[in-house]
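So the structure is just underneath, and the comments pick up after that.
Read the numbers this way: they start at 1 and go in the same order the structure lists the ligands and their atoms. We use all heavy atoms of the structure for the numbers below, so side chains are in, but hydrogens, waters and symmetry mates are not.
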Amino acid sequence: AKDNGRQCFRFFTKTMQEDATHRMRLANDLRHALKQNQFLVYYQPIIDLSSGQVYKAEALIRWQHPELGFISPASFIPIAEDTGTIHQIGNWVFSQAIEQVKACQAISKRKFQISVNKSPVQFLVERGDQHQWLDQIRDSGIDGDNIVIEITEGILINNDIRVTQSLLQYRDAKIQVAIDDFGTGYSSLSYLKKFDVDYLKIDQSFTQSLSLHSSEYALCEAIIVMAHKLGIQVIAEGVETEEQHQLLKQMGCDFGQGYLFSRPVPAAQLIEFITATSTV
Ligand code: C2E
Ligand code: CA
Ligand code: CA
Ligand code: CA
């Protein structure tokens, strides 16, 4: 047993060592990835549940590493946050999203919105990315409400002046705000009356356990009723089955996003998807 323990210990440290080495490699490679055009932005359509139409999508970054292949944002975004490369990467995603707004709006012939994820660290620097983003919007000629910024609720509870000011600037520019992964973070909801929030995104963990008599049903319904009373629209994430879709629709959920409708797809495929679903 004693030997076994030592074996485990050695194995464990080796894994940790490998993890640290891998992380350092990714951190280093991330610095060059942008220049070397290794990133792509995919777009996941967001469906209006009452009409079935699509006039929103979420921008999700993809990294095609030349040797390691596809690397999930869930593994490299945290490294980009720690090393500061998230700022450049985020600005690039934002510029791609603006171009995509123009392309989608041209074919959908109505206002098209693209949402972009913004990590807490992207707010918490001296001159936050919001200046750059506001400049990009102004230069592009699109409207502020063509863009939705997705943030997590954790960022709103500390009353950080940099966050508050960024959100006020967004409001002045008509940029909309969505609370991502809603329901997984904090129990206090007081931030909802303090900040101008446009959308709540119900986290996938609720959607995926949804059935008629589940506690998730009660939670989703309560979130939708509360949001609507506050003038906030609701997007359900991670919709994978027709049953989930129908239940959410019956509850009055405004929008749905998930594999049932479409996986995140390259820009050209989003255009095809919009063409196929629009009823003109
Ligand atoms: P998120 O913002 O919560 O994005 C939703 C994630 O759920 C995406 O994973 C999406 O592909 C996945 N998804 C969508 N529909 C379904 C479904 O029906 N079932 C399941 N199981 N999953 C679904 P992805 O693209 O791997 O992104 C992971 C996370 O990485 C995102 O979570 C977001 O927090 C972060 N991220 C992605 N792109 C960016 C970016 O440009 N900037 C920043 N700061 N973060 C990003
Ligand atoms: Ca998101
Ligand atoms: Ca607003
Ligand atoms: Ca989410």
Side-chain angles (χ1 to χ4, degrees), residues 26 30 33-34 38-47 54 56-64 69-100 113-125 128-130 132-133 136 147-155 166 176-185 197-210 223 234-245 248 253 255-267 269-270 273:
L26 292 188
L30 269 177
L34 201 54
Q38 293 168 11
F39 292 122
L40 285 168
V41 180
Y42 274 31
Y43 299 89
Q44 187 172 35
I46 297 174
I47 281 71
V54 178
K56 291 182 186 344
E58 177 176 6
L60 293 158
I61 194 169
R62 297 289 176 260
W63 184 14
Q64 190 62 46
F70 166 78
I71 301 172
S72 156
S75 35
F76 76 80
I77 291 288
I79 301 174
E81 290 170 352
D82 288 350
T83 54
T85 46
I86 189 68
H87 300 290
Q88 268 182 293
I89 294 172
N91 292 342
W92 177 79
V93 170
F94 198 74
S95 66
Q96 296 294 109
I98 286 176
E99 290 312 309
Q100 191 64 11
Q113 280 187 323
I114 297 210
S115 60
V116 178
N117 292 282
K118 186 164 178 179
S119 315
V121 294
Q122 294 177 267
F123 283 96
L124 305 178
V125 285
D129 300 334
Q130 66 275 7
Q132 172 106 25
W133 290 17
Q136 286 192 49
I147 295 291
V148 181
I149 310 277
E150 297 199 3
I151 58 177
T152 45
E153 44 193 335
I155 187 93
S166 302
Q176 299 201 311
V177 172
I179 305 297
D180 209 351
D181 308 332
F182 184 77
T184 60
V197 169
D198 299 285
Y199 302 98
L200 295 185
K201 297 192 76 172
I202 297 181
D203 190 66
Q204 327 195 337
S205 57
F206 293 98
T207 313
Q208 281 167 10
S209 322
L210 195 61
I223 291 171
V234 181
I235 303 169
E237 294 191 286
V239 183
E240 291 185 353
T241 69
E242 191 51 38
E243 189 196 0
Q244 293 159 3
H245 172 202
L248 287 159
C253 185
F255 300 96
Q257 180 182 355
Y259 295 167
L260 175 68
F261 308 112
S262 169
R263 290 186 174 256
V265 293
Q269 257 174 269
L270 176 66
F273 192 90

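Comparing Ala97, Pro264, Ala236, Gly90 by heavy-atom distance to atom 11 (O) of ligand 1, the nearest is Pro264. The heavy atom nearest to atom 6 (C) of ligand 1, considering only Glu58, Gln204, Lys118, Glu237, is found in Gln204.
Proximity of a side-chain donor or acceptor of Gln269 to a complementary backbone N or O of Pro266 within less than 3.5 Å is not detected. Within the 3.5 Å criterion, the main-chain N or O of Gln88 finds no donor-acceptor partner in the side chain of Gln132. A donor-acceptor pair under 3.5 Å is absent between the side-chain atoms of Ser119 and the main chain of Val121, judged by distance alone.
Contacts between Gln44 and ligand 1 below 4.0 angstrom, taking non-hydrogen atoms only, involve the side chain exclusively. With a 4.0 Å heavy-atom cut-off, ligand 1 is reached by the backbone of Val239 but not by any atom from C-beta on.
Protein heavy atoms are absent from the 4.0 Å sphere centred on atom 29 (C) of ligand 1. Distance check on atom 21 (N) of ligand 1: some protein heavy atom falls below the 4.0 Å cut-off. Put simply, atom 24 (P) of ligand 1 has protein non-hydrogen atoms near it, under 4.0 Å away.
Listed by number with element, the atoms of ligand 1 under 4.0 Å from a non-hydrogen atom of Gly258 are 15 (N), 18 (O). Short contacts between ligand 1 and Asp181, defined as distances under 4.0 Å to a heavy atom of the residue, involve ligand atoms 3 (O). Taking a cut-off of under 4.0 Å to the non-hydrogen atoms of Asn117, the atoms of ligand 1 that pass are 2 (O), 42 (N), 43 (C), 44 (N), 45 (N), 46 (C). Close approach to Val93 involves these atoms of ligand 1, each under 4.0 Å from a residue heavy atom: 41 (O). Under a 4.0 Å criterion applied to the non-hydrogen atoms of Glu240, ligand 1 contributes the atoms 17 (C), 18 (O), 19 (N), 20 (C), 21 (N). Of all atoms in ligand 1, listed by their number and element, those nearer than 4.0 Å to a heavy atom of Pro73 are 24 (P), 25 (O), 26 (O), 27 (O), 28 (C), 30 (O), 37 (C). Heavy-atom contacts of Ser119 reach the following atoms of ligand 1: 44 (N) (cutoff under 4.0 Å). Within the listing of ligand 1, atoms 44 (N) sit less than 4.0 angstrom from a heavy atom of Gln122.
For the pairing with Ser115, the side-chain hydrogen bond (donor to acceptor under 3.5 Å, both in side chains) check across Gln44, Gln257, Lys201, Glu150 returns one residue only, Glu150.
The Ca ion (ligand 4) sits nearest to atom OD1 when only the N, O or S atoms of Asp180 are considered. In terms of distance to the Ca ion (ligand 2), the nearest N, O or S atom of Glu58 is named OE2.
Between OE2 of Glu237 and OD1 of Asp181, the angle at the Ca ion (ligand 4) works out to 150°, rounded to 10 degrees.
Because the distance cut-off is set at 3.0 Å, Asn117 qualifies as a neighbour of the Ca ion (ligand 2) through one of its N, O or S atoms. The Ca ion (ligand 4) lies at 3.0 Å or more from every N, O or S atom belonging to Glu150.
Remark: minimum distance from atom 18 (O) of ligand 1 to any protein heavy atom is reached at Tyr259 N, 2.8 Å. Protein heavy atom in closest approach to atom 38 (N) of ligand 1: Ile61 N, 3.2 Å. What sits closest to atom 1 (P) of ligand 1 on the protein, heavy atoms only, is Asp180 OD2, 4.0 Å. When only non-hydrogen protein atoms are considered, atom 10 (C) of ligand 1 lies nearest to Leu60 CD1, 3.9 Å.
The aromatic rings of Phe261 and His245 sit perpendicular to each other, their planes meeting at more than 60°, with 30° as the lower class boundary.
Under the 4.0 angstrom criterion for non-hydrogen atoms, Gln208 is in contact with ligand 1. Residue-ligand proximity: Glu81 is placed with every non-hydrogen atom at 4.0 Å or more from ligand 1.
Side chain to side chain, Gln244 and Thr207 fail the donor-acceptor criterion of an N or O pair below 3.5 Å.
Distance check, rounded to the nearest 0.5 Å: NZ of Lys56 to OH of Tyr199 gives 3.0 Å.
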